[in-house]
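What follows is one structure encoded as structure tokens, with my remarks underneath.
We count residues from 1, following the sequence as given.
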Amino acid sequence: MKTQAIIFDLDGTLLNTLKDLTNAVNEALCSQGLPQRSIEEVRNFVGNGIVKLMERASGWERTADTFDDMMRVFRKFYGEHCEDNTVPYAGIIELLETLKNKKIKTAVVSNKADFAVRELIPVYFGEMIDVAHGENEAGGIHKKPSPDMVLQTIQELDCPSEQVIYVGDSDVDVQTAKNAGITCVGVSWGFRGREFLEKNGAEYVIDNPQEVLKFL
């Protein structure tokens, strides 16, 4: 059946956000006198939202006395610096333009904080993304790998789920698509890589954005 819509992950799929995330992590760690983390360490910490990111980076549980203080530093710094080094991956803009011309609906579903998703999407993609959602568990919607955000987005796109595919770079994305009952296409250029995705159950893995068009 013809694909009517594509839902994308954001970090590691559409945008390379790793340097700005690392800088925010280290600013937050520094505020608590904790050791700094490398880009490669942060690469392996992301995927389950910013609270889990900071738990992994700090070694603290969120119940620690000053964890909330550290999170406030992270959110403030990242909110002010999330565009410093972030760029779309090569070929992403061209892909989105092609999808728009083909009248394929597009969306973003991310475990990134909702405030950051809503700030970054207009800056980098303008009107090329039809629906965008970041993590908002405070609003009662479970984050990935729960299917909740994806299922809500499919409703907003007004497409049958069998005509929607999900594109992402992590094991969380693979599991999210499975939980939502839709096809997942993994991308090798993101934060995890082809071997990791295949080991974690990705049925399809592509090496450049134009290969998404094969699934239309």
Side-chain angles (χ1 to χ4, degrees), residues 8-62 64 66-67 69-93 108-113 115-117 119-121 123-124 134-135 143-145 166-177 184-202 204-209 211:
F8 294 93
D9 174 51
L10 187 60
D11 293 13
T13 301
L14 297 180
L15 291 177
N16 186 347
T17 56
L18 198 52
K19 178 64 173 172
D20 289 332
L21 284 170
T22 301
N23 289 345
V25 165
N26 284 331
E27 182 74 11
L29 293 174
C30 183
S31 74
Q32 302 302 318
L34 296 172
Q36 303 285 278
R37 293 293 192 168
S38 70
I39 282 182
E40 289 308 308
E41 286 176 311
V42 174
R43 179 192 298 275
N44 291 312
F45 294 156
V46 299
N48 296 91
I50 59 174
V51 171
K52 183 59 69 175
L53 167 62
M54 289 309 305
E55 282 186 332
R56 290 166 175 163
S58 66
W60 291 359
E61 297 292 331
R62 70 185 70 184
T66 55
F67 190 85
D69 294 336
M70 183 171 61
M71 287 303 305
R72 278 190 285 273
V73 173
F74 177 92
R75 288 190 175 95
K76 182 175 187 299
F77 187 90
Y78 190 66
E80 294 171 351
H81 297 278
C82 62
E83 300 169 32
D84 289 0
N85 304 280
T86 289
V87 293
Y89 286 100
I92 288 297
I93 297 299
V108 164
V109 169
S110 173
N111 276 347
K112 192 180 198 73
F115 80 86
V117 171
E119 180 170 340
L120 292 171
I121 292 292
V123 171
Y124 292 99
E135 184 273 316
K143 66 178 183 238
K144 301 184 296 184
Y166 186 94
V167 178
D169 74 305
S170 75
D171 53 326
V172 173
D173 295 317
V174 173
Q175 191 61 50
T176 299
C184 180
V185 178
V187 304
S188 67
W189 61 79
F191 294 171
R192 296 294 189 267
R194 172 180 284 275
E195 182 179 355
F196 180 91
L197 287 166
E198 291 175 344
K199 283 183 177 179
N200 282 275
Y204 305 104
V205 181
I206 60 175
D207 298 315
N208 70 77
E211 290 185 68

State which residues pass salt bridge (Lys or Arg N to Asp or Glu O under 4.0 Å) with Glu80; sequence neighbours excluded, sorted by chain then number.
-> Lys76

Asp169 side chain to Phe191 backbone, donor-acceptor under 3.5 Å = yes

Is the side chain of Gln36 donor-acceptor paired with the backbone N or O of Leu29 at a distance under 3.5 Å, no angle test?
-> no

Decide yes or no for Leu21 and Val46: does some side-chain heavy atom of the first lie under 4.5 Å from some side-chain heavy atom of the second?
-> yes

Residues Asp173, Thr176; criterion side-chain hydrogen bond (donor to acceptor under 3.5 Å, both in side chains); working and verdict = CA-CA 5 Å; Asp173 295 317; Thr176 299; 5.1 Å; no

Please collect all salt bridge (charged side-chain N to carboxylate O under 4.0 Å, His left out) contacts where either partner lies in residues 16-26, sequence neighbours excluded, each pair once.
-> none

Under 3.5 Å, side chain of Asn200 to main-chain N/O of Ala202, donor-acceptor pair present?
-> no

Is there a donor-acceptor pair under 3.5 Å between the side chain of Glu211 and the backbone N or O of Asn208?
-> yes

When you look at OH of Tyr204, are more than 12 heavy atoms from neighbouring residues, nucleotides or ligands closer to it than 6.0 Å?
-> no

Kindly assign one of parallel, tilted or perpendicular to the pair Trp189 and Tyr89, based on the angle between their ring planes and the thresholds 30° and 60°.
-> tilted

Does any pair with a residue in residues 24-50 pass salt bridge (charged side-chain N to carboxylate O under 4.0 Å, His left out), and if so which ones, sequence neighbours excluded?
-> Arg37-Glu41, Glu40-Arg43

Which pair of non-hydrogen atoms, one from Gly47 and one from Asn111, has the smallest distance, and what is that distance?
-> O-ND2, 3.0 Å

Side chain Tyr78, main chain Ala116, donor-acceptor under 3.5 Å | no

